[in-house]
There are 2 protein chains.
Amino acid sequence: MTLVNASSRRKELIRIAARLFVVEGFDRTTVRMMAKDMGIKSGSLFHHFRDKQEILCAVIEEGMHNALALANHALSEAHDTPRGRLDAMVRAHLETLLTDRNAHVVALYEWRRLDDESRSHLVHLRDAYEALWKEVIEDASEAGLVYGDPLSARRFVLGALNWTVRWYDPEGPRSPESLAQELVTMITHSPASPA
Amino acid sequence: MTLVNASSRRKELIRIAARLFVVEGFDRTTVRMMAKDMGIKSGSLFHHFRDKQEILCAVIEEGMHNALALANHALSEAHDTPRGRLDAMVRAHLETLLTDRNAHVVALYEWRRLDDESRSHLVHLRDAYEALWKEVIEDASEAGLVYGDPLSARRFVLGALNWTVRWYDPEGPRSPESLAQELVTMITHSPASPA
DNA sequence: AATTAACACTAGCGCTTGCTTGGTTAGCCC
DNA sequence: GGGCTAACCAAGCAAGCGCTAGTGTTAATT
């Protein structure tokens with residue numbers, strides 16, 4: 001029970017830190033701010049984390065871990081066609097971007113604030129995630145769904161997707177699924193695949 | 001002469017600050033760092049700028065101003081067809097992203113660090129730039145070059161373009177023109193327009 | 001009843017931060 | 001050559017920073 005509680009408590013603290021990192025940025029977020037939002041004193045924070053850097057790393061790791069899990073799940077349930085897997089990946093990416101929004105915004109904006117140690121640790125998670133995309137885009141390319149160099153296509157698509165955090169309003173009328181469909185339609189020049 | 005020199009001196013200082021903001025981030029860049037790179041003492045910095053915020057604002061303003069000028073010029077010289085203007089805008093955007101790379105990276109990453117005053121000042125420049133894109137994308141959409149909702153398409157395209165600062169290597173073998181062509185090809189499903 | 005471990009608190013150290021102040025220098029104009 | 005101004009410097013202030021040391025407090029385990 002101790003371990004389970006410690007773990008869920010830790011996740012809660014990470015969630016709180018993530019929100020602050022988004023609003024204030026990593027550098028402007030002080031340990032005193034975080035402690036206040038967590039309901040403890042600033043000194044107590046260092047019982048849970050070695051230093052401020054470790055909190056940043058934990059926030060990003062959490063987000064990437066979830067993204068990887070969601071993408072794998074989406075692929076396993078997707079129609080086993082190039083188009084089906086492409087749809088699934090785009091949808092999964094947008095869903096993660098929303099459900100773990102804070103963590104991903106931090107990953108996108110504060111990546112440079114990581115020290116070398118944390119970065120090399122996290123880069124493996126990112127590579128694993130990109131490997132999934134690599135295969136899906138290459139299959140789509142071979143099937144004639146995507147024009148041009150698959151590597152460039154992957155980067156363009158991921159760029160378009162990640163950019164959505166800057167303008168997409170989750171409270172608005174448009175669902176992430178419809179947004180995903182729109183992107184795939186724009187790229188493939190053909191409407192969504194039949195169910 | 002005094003005015004001209006003062007102005008060019010100021011631009012030089014802004015350029016130096018921009019480079020530091022990219023390498024270190026705005027918050028981690030201290031006034032002492034900037035002063036050192038500029039060859040003056042930290043106190044002297046406040047003879048040129050009211051405060052640190054003003055430097056950030058100046059960096060971003062400079063980049064946006066150039067982007068707007070380049071885009072307008074590109075459109076004026078472009079083939080007067082939907083495809084020609086689309087090509088021109090994509091190419092111009094990538095070119096600006098490279099020639100004023102530091103300023104644009106700062107604009108993309110440090111936008112949130114602006115205070116309300118600076119932000120509302122800069123937002124007009126951004127709106128003017130986006131208005132150019134709006135027209136170009138809508139024309140391309142009507143001409144059947146781009147599929148789906150023009151507003152979404154614009155956001156996807158700008159996302160894909162802006163994301164290039166994260167992976168494109170200006171020293172590498174690929175030219176920005178070829179990259180521009182590749183993106184347009186991917187979206188329109190047809191090779192570059194004839195000269 | 002004694003021990004342990006997890007968690008929190010108080011207090012503050014050593015350092016850096018953005019910015020101010022008061023004064024100096026060099027070039028320009030009438 | 002006296003007055004003006006832009007540009008710079010030396011010195012330092014007040015505030016805030018990340019982090020540490022030492023000390024309870026609580027609850028489960030022995």
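Computation of the quantities below employed the complete heavy-atom set of this structure, encompassing side-chain atoms and omitting hydrogens, waters and symmetry-equivalent molecules. To find a chain, count down the sequence lines: A is the first, B the second, and so on, and within it residues start at 1.
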Inset, instruction - Taking the side chain as every heavy atom from C-beta outward, state whether Leu75(B) and Met89(B) have any pair of such atoms under 4.5 Å apart. - result: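 Yes; the side chains approach each other to less than 4.5 Å.
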
Inset, instruction - For the residue pair His48(B) and Ile55(B), establish whether any side-chain heavy-atom pair is separated by less than 4.5 Å. - result: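 SC-SC contact between His48(B) and Ile55(B) ruled out.
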
Inset, instruction - Measure up the Phe26(B) and Phe21(B) rings against each other and bin them: parallel (under 30°), tilted (30 to 60°), perpendicular (over 60°). - result: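 Phe26(B) vs Phe21(B) ring planes: perpendicular.
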
Inset, instruction - Look at the aromatic rings of His189(A) and His189(B) and report parallel, tilted or perpendicular, splitting at 30° and 60°. - result: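 It falls in the parallel class, under 30°.
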
Legend entry - Derivation and outcome, side-chain hydrogen bond (donor to acceptor under 3.5 Å, both in side chains), residues His104(A) and Asn162(A): CA-CA 9 Å; His104(A) 289 291; Asn162(A) 286 331; over 6 Å; no

Legend entry - Rounded distance (nearest 0.5 Å) linking atom CE of Met38(B) with atom CG of Leu20(B):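 The CG atom of Leu20(B) is 7.5 Å from CE of Met38(B), to the nearest 0.5 Å.
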
Report the distance from atom [atom1] of [X] to atom [atom2] of [N], rounded to the nearest whole Å.
{"X": "Leu45(B)", "N": "dT21(C)", "atom1": "CG", "atom2": "C1'", "value": "16 Å"}
{"X": "Phe49(B)", "N": "dA6(D)", "atom1": "CZ", "atom2": "P", "value": "16 Å"}
{"X": "Ile40(B)", "N": "dT25(C)", "atom1": "CD1", "atom2": "C1'", "value": "16 Å"}
{"X": "Lys36(B)", "N": "dC8(D)", "atom1": "NZ", "atom2": "P", "value": "18 Å"}

Within the structure, does a side-chain N or O atom of [X] lie under 4.0 Å from either OP1 or OP2 of [N]?
{"X": "His47(A)", "N": "dC7(C)", "result": "yes"}
{"X": "His48(A)", "N": "dA6(C)", "result": "no"}
{"X": "Arg9(B)", "N": "dC8(D)", "result": "yes"}

Protein-nucleotides 16-20 of chain D N/O pairs under 3.5 Å:
{"residue": "dG18(D)", "atom": "OP1", "partner": "Thr29(A)", "partner atom": "O", "Å": "3.4"}
{"residue": "dG18(D)", "atom": "OP1", "partner": "Lys52(A)", "partner atom": "NZ", "Å": "2.9"}
{"residue": "dG18(D)", "atom": "OP2", "partner": "Val31(A)", "partner atom": "N", "Å": "3.0"}
{"residue": "dG18(D)", "atom": "N7", "partner": "Arg32(A)", "partner atom": "NH1", "Å": "3.0"}
{"residue": "dG18(D)", "atom": "O6", "partner": "Arg32(A)", "partner atom": "NH2", "Å": "3.1"}
{"residue": "dC19(D)", "atom": "OP2", "partner": "Lys52(A)", "partner atom": "N", "Å": "2.9"}

